[in-house]
Amino acid sequence: MTEQDGDFIQGTCMQMCPQREVLSREKQRRLHFFETVAFTSRSTNSNISQQDKLTADPRAVVKEFTRSAAGKAIDPSELRPFHVLLRTVNYLIDVIASKDGDYPWHMIYLFVFDRTRSVRQDLVVQRISGKPVVEIFEKICRFHIISGYQLCESTIDVFDGKINNDHLAECLKRLLCFYDMEQPATYRETRAEFEAYYLLHNLGSVEALARAVTLPEEIKRSCLVQLAFDINLTILLRNYVRFFRLVKSLPYLACCAVHKHFNHVRADALATINTAYFSRNASLPLTLLVEMLNFNDVQEAKEFCSCSGLEASDTTVKFVKGQLNNAHTHRTRFSGMIDTKLSGRISGIISGRDNSCRTFQFPSQNKRSEECSNDEKMHGVSKPVSNLKTQQSWFGKGRGKGRGRGWKLFQ
């Protein structure tokens, strides 16, 4: 743990927010609803006055993020030490994020996102490292992953997916740097989980794959890391059908991490199918497309095909000559497959207490190690199952209609 030494600064603020900031923001009426008496007394008092919405509850006010001014001296009384920062993050997850049933998630997201940025800022200024910092970054990464999915259908004025992805990437990289500085056994229970998230977040990235092959053996033997690695390979091999088959085997939070890539993968798959099987009389049943590319229903598949420039009816889609129009941004939707995987409270998943989302079966065509690591067994990760069965392709029916080629799409 970093101590005050030379240029190092040790924070002395023992509260989630310095008293000076509490008074200033209350006077300027810049308090968030979650920081007021109206929020903290809601469970005990049903009569909330307008004054309660303007009055700060010192126990609930959390230091907000502000950009550092150039040349301004840093006051240690405005910095929180590591144990206060960890307590702050636990409060944001266990108290604020747990209210997802009472308040819209975008309201929770904007508040928690800003306050966790302030936590990260205090960590950087004090140059704190060690296990408490790793725990903080693990929870922040889970928060950004789950928020990216929960708000995927929101408009840009409510939620900016790019900003969320950028901060997730930054937090993941810092977290992996902390892992690299320690022995593999130090963070055995969680490192494999976040190495897999890094692979899924950077889908198809050669850099991410290069890191994966250099991981310690006990991390590479993780069923979740192996599955994430296989999913990346399917993208490099352009095997889109197998991609969605493997994704269905991921636990909930891992599905949330890869969900943002769904539309891009679908667009590439449609372009490949259109080029390979174009014919004036050829058409494809939308029900088959729903199965292949994991659409929620026929209507979603029809809208996606229409936006790509294909001629789609209520039951089939016809191919067109030439390249598809993939410049159009497809509408992002929730996935019914992912929603069914959610078990337990979101706050429990973010905090890491709820391990039910890690229980999954791992399909693989290659022979894997017979057992997963002991830490995975503790979290309910099952052994690899038997090989995927080859399914007859619709494209192989009929004389001379792509005989043989369609089988590869289903392997």
Side-chain angles (χ1 to χ4, degrees), residues 9-100 102-126 128 133 136-137 139-140 143-144 147 151 154 157-160 163-164 166-167 170-171 347 350:
I9 301 175
Q10 179 70 48
T12 59
C13 177
M14 296 295 115
Q15 304 299 322
M16 294 191 296
C17 184
Q19 184 64 23
R20 183 188 307 176
E21 181 179 324
V22 174
L23 298 175
S24 174
R25 288 171 53 201
E26 183 179 33
K27 181 179 180 180
Q28 299 173 11
R29 297 189 176 183
R30 291 192 297 110
L31 294 171
H32 193 280
F33 173 74
F34 292 144
E35 300 173 316
T36 63
V37 175
F39 170 72
T40 56
S41 63
R42 184 178 180 181
S43 58
T44 58
N45 183 14
S46 58
N47 298 322
I48 303 298
S49 65
Q50 185 63 29
Q51 184 60 34
D52 291 337
K53 297 180 180 180
L54 303 175
T55 304
D57 186 337
R59 302 167 301 172
V61 181
V62 184
K63 181 181 177 181
E64 68 178 358
F65 173 78
T66 55
R67 298 190 181 277
S68 302
K72 182 181 178 181
I74 299 176
D75 187 354
S77 65
E78 296 183 355
L79 296 176
R80 298 159 290 181
F82 75 92
H83 64 277
V84 178
L85 294 173
L86 180 59
R87 175 162 55 89
T88 301
V89 171
N90 290 336
Y91 169 81
L92 293 172
I93 302 304
D94 297 337
V95 178
I96 304 300
S98 63
K99 302 295 183 182
D100 57 301
D102 301 325
Y103 303 97
W105 186 257
H106 70 83
M107 180 180 178
I108 295 173
Y109 169 78
L110 292 175
F111 178 74
V112 176
F113 173 42
D114 179 86
R115 294 333 188 240
T116 52
R117 287 188 73 184
S118 177
V119 168
R120 287 156 50 195
Q121 186 181 50
D122 281 10
L123 289 172
V124 172
V125 171
Q126 298 176 82
I128 302 176
V133 182
I136 287 173
F137 272 92
K139 293 180 179 181
I140 294 176
F143 168 75
H144 281 291
S147 296
L151 299 174
S154 302
D157 59 318
V158 174
F159 172 73
D160 191 328
I163 291 178
N164 185 73
D166 290 344
H167 282 272
E170 179 183 344
C171 291
S347 58
I350 297 175

Report summary line: Those residues at least two apart in sequence (or on a different chain) that pass side-chain hydrogen bond (donor to acceptor under 3.5 Å, both in side chains) with His32 are none
Requested in this report: Just jot down the side chain to side chain contact (heavy atoms under 4.5 Å, CB included) partners of Ala38, sequence neighbours excluded, or say none.
Outcome: Phe33, Thr36, Ile48, Asp52, Lys53
Query raised in the report: Any donor and acceptor pair, going by atom type alone, linking the side chain of Asn90 with main-chain N or O of Leu86 inside 3.5 Å?
Result: yes
Report task. Starting at CG of Asp160, measure out to NE2 of His167 and round the result to the nearest 0.5 Å. Result -> 9.5 Å
Requested in this report: Starting at OG of Ser118, measure out to CG of Leu79 and round the result to the nearest 0.5 Å.
Outcome: 9.5 Å
Report summary line: Taken in chain and number order and not counting sequence neighbours, the residues that satisfy salt bridge (Lys or Arg N to Asp or Glu O under 4.0 Å) with Asp166 are Lys162
Query - Between CD1 on residue Ile96 and CD on residue Glu35, distance to nearest 0.5 Å - result: 8.5 Å
Report task. Keeping to residues at least two apart or across chains, list the salt bridge (charged side-chain N to carboxylate O under 4.0 Å, His left out) pairs with something in residues 13-24. Result -> Arg20-Asp75, Arg20-Glu78, Glu21-Arg25
Query raised in the report: Any donor-acceptor pair under 3.5 Å linking the side chain of Gln126 with the backbone of Gly11?
Result: yes
Report task. Could you give me the CA-CA distance, side-chain angles and deciding distance for Arg120 and Phe65, then say whether side-chain contact (heavy atoms from CB on, under 4.5 Å) is met? Result -> CA-CA 9 Å; Arg120 287 156 50 195; Phe65 173 78; over 6 Å; no
Query - Gap separating the CG atom of Leu110 from the CZ atom of Arg115, nearest 0.5 angstrom - result: 10.5 Å
Query raised in the report: Considering residues at least two apart in sequence or located in another chain, which fulfil the side chain to side chain contact (heavy atoms under 4.5 Å, CB included) criterion with Thr88?
Result: Met16, Val62, Arg80, Val84, Leu92, Val119
Report task. Using the side-chain contact (heavy atoms from CB on, under 4.5 Å) rule, take Lys63 and Asp122 through it: C-alpha gap first, then chi angles, then the decisive distance, then the call. Result -> CA-CA 10 Å; Lys63 181 181 177 181; Asp122 281 10; 3.1 Å; yes
Query raised in the report: For Tyr109, which residues count as a ring-ring contact (aromatic ring centres under 6.0 Å, His included) partner, sequence neighbours excluded?
Result: Phe113, Phe143, Phe159
Query - Interatomic distance, Leu23 atom CG to Cys17 atom SG [nearest 0.5 angstrom] - result: 9.5 Å
Report task. Could you pull out all residues at least two apart from Gln15 that satisfy side-chain hydrogen bond (donor to acceptor under 3.5 Å, both in side chains)? Result -> none
**Report entry** From Ile140 atom CD1 to Cys171 atom SG, the distance as rounded to the nearest 0.5 Å
**Finding:** 5.5 Å
**Report entry** Qualifying residues under salt bridge (Lys or Arg N to Asp or Glu O under 4.0 Å), relative to Arg59, sequence neighbours excluded
**Finding:** Asp57
Query raised in the report: Residues two or more places apart in sequence or in another chain: which of them pass side-chain hydrogen bond (donor to acceptor under 3.5 Å, both in side chains) with Tyr103?
Result: Arg42
**Report entry** Counterpart residues, side chain to side chain contact (heavy atoms under 4.5 Å, CB included), relative to Val158 (two or more places apart)
**Finding:** His106, Ser154, Thr155
Requested in this report: Using side-chain hydrogen bond (donor to acceptor under 3.5 Å, both in side chains) as the criterion, list what pairs up with Asp100, not counting sequence neighbours.
Outcome: Arg345
**Report entry** Residues that Pro76 engages under side chain to side chain contact (heavy atoms under 4.5 Å, CB included), provided they are two or more places apart
**Finding:** Ile9, Thr12
